[in-house]
Undergrad: 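One structure, pasted below without further comment.
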Amino acid sequence: MREARPASENANADDTAALEEIIDRNEAAFREEDWDAASGCNQEFHFKIVNIARMEILGGMLSALWLQTGPVVSSFYQRGGRSMVDEHYAIVAAIKAGDADAAARVMKRDVAGSVEGIVAYLRELAQ
């Protein structure tokens, strides 16, 4: 969530085009019901924002976290559906506009919504 603010300040047209291309591939993966590819696009999108933000330490921390949570996120991705990508459009729009507050707000909503869904999913699996 903190990465969205500096990403909106650092991003250039190539960066936002790359983010839009990731979203396009994510949409294609949804259409094809290729949940592994869709989950991979989600990871790539978030890591690209960290890269644009020039937050190398956070990138390392997210890599370690993804190794631990990636399989759960992947298994939830089909169930999470649209909610796993819809906010990405608003994040890119805010970054393009250079609106750091909106970028941070939407990123927080994106991550929090995914976490809530994943936690509910894990609770169901545990029953």
Side-chain angles (χ1 to χ4, degrees):
M1 291 157 292
R2 294 187 185 268
E3 68 277 13
R5 186 172 299 284
S8 69
E9 296 163 356
N10 296 340
N12 60 37
D14 290 340
D15 293 327
T16 56
L19 290 169
E20 289 170 333
E21 189 270 333
I22 295 167
I23 292 171
D24 289 345
R25 286 190 286 114
N26 203 347
E27 291 287 3
F30 268 112
R31 283 190 302 276
E32 297 165 11
E33 297 183 356
D34 184 345
W35 307 120
D36 289 336
S39 178
C41 289
N42 185 54
Q43 177 188 8
E44 186 180 355
F45 180 85
H46 286 279
F47 278 69
K48 179 66 176 171
I49 290 175
V50 170
N51 178 268
I52 293 167
R54 301 182 192 125
M55 299 178 79
E56 293 82 16
I57 294 172
L58 178 60
M61 291 169 36
L62 287 177
S63 292
L65 183 61
W66 191 266
L67 288 173
Q68 296 172 13
T69 62
V72 174
V73 173
S74 292
S75 68
F76 173 74
Y77 213 85
Q78 177 178 359
R79 183 179 184 157
R82 298 286 337 148
S83 69
M84 300 294 285
V85 72
D86 283 344
E87 298 287 8
H88 294 183
Y89 290 98
I91 292 167
V92 173
I95 289 172
K96 275 180 148 179
D99 188 340
D101 291 336
R105 187 173 48 256
V106 179
M107 179 67 78
K108 182 177 182 178
R109 192 170 59 218
D110 178 50
V111 172
S114 296
V115 169
E116 289 172 11
I118 290 168
V119 168
Y121 170 65
L122 290 173
R123 284 187 179 136
E124 286 179 24
L125 290 178
Q127 295 177 352

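Owing to the predicted nature of the structure, the values given are computational and were not obtained by experimental measurement. Nothing fancy with the numbering, it's 1 onward along the sequence.
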Undergrad: Let me confirm one number: the CG-CD1 distance from Leu125 to Ile118, rounded to the nearest 0.5 Å.
TA: 11.5 Å

Undergrad: Would you call the rings of His88 and His46 parallel, tilted or perpendicular if under 30° counts as parallel and over 60° as perpendicular?
TA: perpendicular

Undergrad: Which residues pass the side-chain contact (heavy atoms from CB on, under 4.5 Å) test with Ala120, sequence neighbours left out?
TA: none

Undergrad: Applying salt bridge (charged side-chain N to carboxylate O under 4.0 Å, His left out), can you list everything that pairs with Glu33, at least two apart in sequence or on another chain?
TA: none

Undergrad: In this structure, which one of Ile91, Asn26, Val85 forms a side-chain contact (heavy atoms from CB on, under 4.5 Å) with Phe45?
TA: Ile91

Undergrad: Looking only at heavy atoms, which two atoms of Ile22 and Cys41 are closest? And how far apart?
TA: CG2-O, 3.4 Å

Undergrad: Which residues pass the side chain to side chain donor-acceptor pair (under 3.5 Å) test with Asn10, sequence neighbours left out?
TA: Arg54

Undergrad: Provide the full list of ring pair (Phe, Tyr, Trp, His ring centres under 6.0 Å) pairs with a residue in residues 3-28, sequence neighbours left out, each pair given once.
TA: none

Undergrad: Please enumerate all residues that pass salt bridge (charged side-chain N to carboxylate O under 4.0 Å, His left out) together with Asp101, with sequence neighbours excluded.
TA: Arg5

Undergrad: Can you list the residues that meet the side chain to side chain donor-acceptor pair (under 3.5 Å) rule with Arg25, with sequence neighbours excluded?
TA: Glu21, Glu44

Undergrad: Enumerate the ring pair (Phe, Tyr, Trp, His ring centres under 6.0 Å) contacts for residues 4-29, please, sequence neighbours excluded, ordered by first and then second residue.
TA: none

Undergrad: Any idea which heavy atoms bring Ala53 and Ala7 closest together, and the distance?
TA: CB-N, 3.7 Å

Undergrad: Go through the structure and list residues passing ring pair (Phe, Tyr, Trp, His ring centres under 6.0 Å) with Tyr89, not counting sequence neighbours.
TA: none

Undergrad: Decide yes or no on side-chain contact (heavy atoms from CB on, under 4.5 Å) for Ile95 and Ile52, but give the supporting numbers first.
TA: CA-CA 10 Å; Ile95 289 172; Ile52 293 167; 5.7 Å; no

Undergrad: Residues in side-chain contact (heavy atoms from CB on, under 4.5 Å) with Gln43, at least two apart?
TA: Phe47, Trp66

Undergrad: What is the minimum heavy-atom distance between Ala103 and Ala94, and which atoms define it?
TA: N-CB, 3.4 Å

Undergrad: Suppose we screen for side chain to side chain donor-acceptor pair (under 3.5 Å). Which residues come up paired with Lys48, at least two apart in sequence or across chains?
TA: none

Undergrad: Can you name the side-chain contact (heavy atoms from CB on, under 4.5 Å) partners of Asn12, sequence neighbours left out?
TA: Asp14, Asp15

Undergrad: Applying side chain to side chain donor-acceptor pair (under 3.5 Å), name anything that partners Ser39, two or more places apart in sequence or on another chain.
TA: Ser74

